[in-house]
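Sequence lines set the chain letters: A, B, ... in the order given, protein chains first and strands last, and positions in each chain run from 1. Quick note: numbers below take in every heavy atom, side chains included, and nothing from hydrogens, waters or symmetry partners.
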Amino acid sequence: MSRISKEEVKHVANLARLAITEEEATTFTKQLDDIITYAEQLNELDTTGVEPTTHVLDLKNVMRKDEPKKWISQDDALKNAPDKQDGQFKVPSVLE
Amino acid sequence: MSLFDYTLRELQEKLHNKEISVTDLVEESYNRIEEVDEEVQAFITLNKEAAKKQAAELDQERGNDDAKLFGLPIGVKDNIVTKGLRTTAGSQILSNLDDPLYDATVVNKLNDAKSVTIGKLNMDEFAMGSSNENSSYAAARNPWNTDYVPGGSSGGSAAAVAAGEVPYSLGSDTGGSIRQPAAYCGVVGLKPTYGRVSRFGLIAFASSLDQIGPITRSVEDNAFLLETIAGHDKMDSTSANVEVPKYTESLTGDVKGMKIGVPKEYLSEGVSEEVKEAVKAALKEYEKMGATWEEVSLPHSKYALSTYYLISSSEASANLARFDGVRYGKRAEDAKNMLDMFMRSRAEGFGDEVKRRIMLGTFALSSGYYDAYYKKAQQVRTLIKNDFEKVFEDYDVIIGPTTPTPAFKVGDKVDDPMTMYANDILTIPVNLAGVPGISIPCGFSGDGLPIGLQIIGKHFDEGTVYRAAHAFEQATDYHKQRPSLGGAR
């Protein structure tokens, strides 16, 4: 049984904001299915009660004083922008 | 012979004694690049004009040359942000990022130490790959035989050092991306303990696994460079507030009484006979030097690959969401609306491997699958980490091969993601456990390709890893071999 259908691949691509063609959807479905099927070997292991590791070090939230400081200027922040206007990033209209 | 056959400290002595100038070193780099890089393709972007200018300036200050890396030319992997110097991470989506706004913390440290940045090194796109064939520019080649891959993702960083284009470089390692190319190219590459080196300014792939580390021609140079780049950084809250020792002082050559664990899983089927023989010969060398070794077990090793792909792809799917064509990078033209602009900018800007991993990660994190895939992988990560901790209760270091085979041919694995992934099976567990690991040259295959020995240590115990690596290097001369590319130098 396949682990992921072509429809699910298209849905995931949409969630990830990736435009994919019909042909790509077919290829990715096969490849992702292979990877997920392989990854299901983890189900051989009983992990009841095992704490998940999100980070290897015992890290705590680090707080610092909220003080303003010089970092990147507005001009600098905009200089690599694909499109800008009046000191702001410009994007295509949200609605058609 | 090349100037870069000297160690970094020897080069500094020559600079200090005015036998050579910084300009000589920088020219040595660019001349060699001119000579071989069309074939090796180690660099994506060169910093020629600025580097030559900086060299001339440093030559004026030579009475005042006590900065740690004074005048030494370095190559930097292209996922490490350099202010004003194009940074692409090997991706088309950043192909126009010609003027980055800030320096990564490691680059600040290099600048403070007065090294000279020669250029930005080739890599698999966003560090996703094991052969450099996922670079969206040109695939870098192995200097030992350019029909073969240099490994990845830091393929350019390892190839440039092996080819004598720079004496040392920086790479990054998420699942083996420093150690595997170091093994394939016959150089020394260390992945430090997670948190040892600041990740600020490293373009994130998988934030809980990524580490920047040095690639060099000798263990001594490697330790010397780590001393410079390691340490706590207030810009990276995952960098550890643990004192940085003088790693070069741990290079005593003495491993008498050192206890080595050799995981049976690392010498199992799937590892080629040539690689096994080279590792066994290395263990004999350690015995001669007074160390002892015993077989140990890391029983969850076979689950590391699955665990890694689920965790790293999940983290990548979140990290790469920032590339949307709004603030920097490439934007698709003539978009109908904003959503169309996002979808097409990303479709045009990312290569297939990056798309595959973003989709895998998005799937693993999506509602209904999160517990079955992502959480499960994090639980297995705990088991893998515990395996290492258990062995380290009784042993000082773990030794095995870096990779199951020497380098493979360009094009051999490009069509099958799963076989490509299997290359990293011996390096991935080290990232999952967060411990340090080094690859050093330990022999050559029948085809004349380098073989790497992996030495793994306890958290923040790079000193012992370096001591073990250095002692082996002193007893052998594999690290002194050079590829004959463009005429041996």
Side-chain angles (χ1 to χ4, degrees), chain A residues 3-4 8-9 11-21 24 27-28 31-32 34-45 47-64 71-73 76-84 89-96, chain B residues 96-102 194-195 208 234 237-238 240 300 302-303 305-307 309-310 317 321 324-331 335-344 346-347 350 355-356 358-360 362-363 366 373 375-383 385 417-418 432-434 459:
Chain A
R3 265 56 174 187
I4 185 165
E8 279 177 301
V9 167
H11 174 62
V12 164
N14 184 52
L15 288 176
R17 297 292 183 250
L18 284 168
I20 58 170
T21 62
E24 283 174 322
T27 314
F28 283 135
Q31 290 170 336
L32 289 173
D34 284 351
I35 298 168
I36 295 163
T37 304
Y38 176 79
E40 287 192 350
Q41 66 158 185
L42 298 187
N43 294 336
E44 293 167 15
L45 292 168
T47 50
T48 318
V50 176
E51 280 295 311
T53 295
T54 49
H55 253 281
V56 285
L57 303 179
D58 186 25
L59 293 168
K60 304 272 186 302
N61 273 335
V62 183
M63 300 299 179
R64 60 166 168 77
W71 181 233
I72 288 164
S73 70
D76 277 352
L78 285 163
K79 73 182 173 187
N80 289 300
D83 198 5
K84 61 193 162 189
F89 297 108
K90 190 177 177 188
V91 292
S93 62
V94 176
L95 301 170
E96 275 176 76
Chain B
N96 61 354
L97 187 57
D98 294 329
D99 197 2
L101 303 180
Y102 60 91
Y194 183 82
S208 79
K234 65 179 191 305
S237 61
T238 64
H300 295 94
K302 69 169 175 168
Y303 301 104
L305 200 59
S306 299
T307 305
Y309 276 93
L310 290 170
S317 72
D324 57 8
V326 174
R327 290 146 302 149
Y328 52 86
K330 294 281 258 191
R331 173 185 291 190
K336 285 189 300 207
N337 53 44
M338 193 154 78
L339 181 61
D340 184 49
M341 188 275 282
F342 290 153
M343 306 269 302
R344 288 204 290 116
R346 289 164 64 79
F350 292 143
K355 290 179 188 173
R356 214 158 20 238
I358 289 174
M359 287 196 279
L360 176 63
T362 306
F363 175 74
S366 65
Y373 295 110
K375 189 179 166 206
K376 182 83 184 181
Q378 288 192 320
Q379 287 175 311
V380 179
R381 184 176 183 181
T382 304
L383 301 176
K385 186 176 161 232
M418 286 308 298
L432 290 169
H459 283 132

Could you check if a side-chain atom of B/K375 sits within less than 4.5 angstrom of a side-chain atom of A/T47, using non-hydrogen atoms only? no

Taking the side chain as everything from C-beta on, heavy atoms only, tell me whether B/L310 gets closer than 4.5 Å to A/L42. yes

Sort [X] into side chain, backbone, both or neither according to what part of it lies under 4.5 angstrom from a heavy atom of chain A.
{"X": "B/A377", "result": "both"}
{"X": "B/D340", "result": "neither"}
{"X": "B/K302", "result": "both"}
{"X": "B/K385", "result": "side chain"}
{"X": "B/T382", "result": "both"}
{"X": "B/M359", "result": "both"}
{"X": "B/L360", "result": "both"}

Closest contact, heavy atoms only, [X] versus [Y]:
{"X": "B/K336", "Y": "A/S93", "result": "O-OG, 4.3 Å"}
{"X": "B/S306", "Y": "A/Q41", "result": "OG-OE1, 2.9 Å"}
{"X": "A/P82", "Y": "B/G329", "result": "CG-O, 3.5 Å"}
{"X": "B/Q379", "Y": "A/V50", "result": "NE2-O, 3.0 Å"}
{"X": "B/A347", "Y": "A/A19", "result": "CB-O, 3.2 Å"}

To the nearest 0.5 Å, what is the distance between [atom1] ([X]) and [atom2] ([Y])?
{"X": "B/R381", "Y": "A/T54", "atom1": "CZ", "atom2": "OG1", "answer": "8.0 Å"}
{"X": "B/F363", "Y": "A/L15", "atom1": "CZ", "atom2": "CG", "answer": "11.5 Å"}
{"X": "A/N43", "Y": "B/Y303", "atom1": "CG", "atom2": "OH", "answer": "10.0 Å"}
{"X": "B/I358", "Y": "A/R17", "atom1": "CD1", "atom2": "CZ", "answer": "13.0 Å"}
{"X": "A/L32", "Y": "B/K355", "atom1": "CG", "atom2": "NZ", "answer": "13.0 Å"}
{"X": "B/K376", "Y": "A/L45", "atom1": "NZ", "atom2": "CG", "answer": "6.0 Å"}

With A/L78 via side-chain contact (heavy atoms from CB on, under 4.5 Å) - residues at least two apart: A/Q74, A/K84, A/F89

Residues which pass side-chain contact (heavy atoms from CB on, under 4.5 Å) with A/K79, listed by chain and number, not counting sequence neighbours: A/D76, B/D99, B/L101

Quick one: which of A/I36, A/D83, A/I72 has the most heavy-atom pairs under 4.5 Å with chain B, could you say? A/I36

Most heavy-atom pairs under 4.5 angstrom with chain B, which of A/E40, A/R64, A/H11? A/E40

Side chain, backbone, both or neither: which part of A/I35 has a heavy atom under 4.5 Å from chain B? both

Counting only heavy atoms closer than 4.5 Å, note whether A/Y38 contacts chain B via side chain, backbone, both or neither. both

Treating B/R346 as the side-chain partner and A/A16 as the backbone partner, does any N or O pair qualify as donor plus acceptor under 3.5 Å? yes

Count the heavy-atom pairs under 4.5 Å between each of B/Y102, B/F350, B/Y194, B/F342 and chain A, then report the option with the highest count. B/Y194

Assert top hit (heavy-atom pairs under 4.5 Å, partner chain A, pool B/V326, B/L383, B/T238) equals B/V326

Would one find more than 12 heavy atoms of other residues, nucleotides or ligands at under 6.0 Å from atom CD of A/E51? no

Residues A/N80, B/R327; criterion side chain to side chain contact (heavy atoms under 4.5 Å, CB included); working and verdict: CA-CA 7 Å; A/N80 289 300; B/R327 290 146 302 149; over 6 Å; no

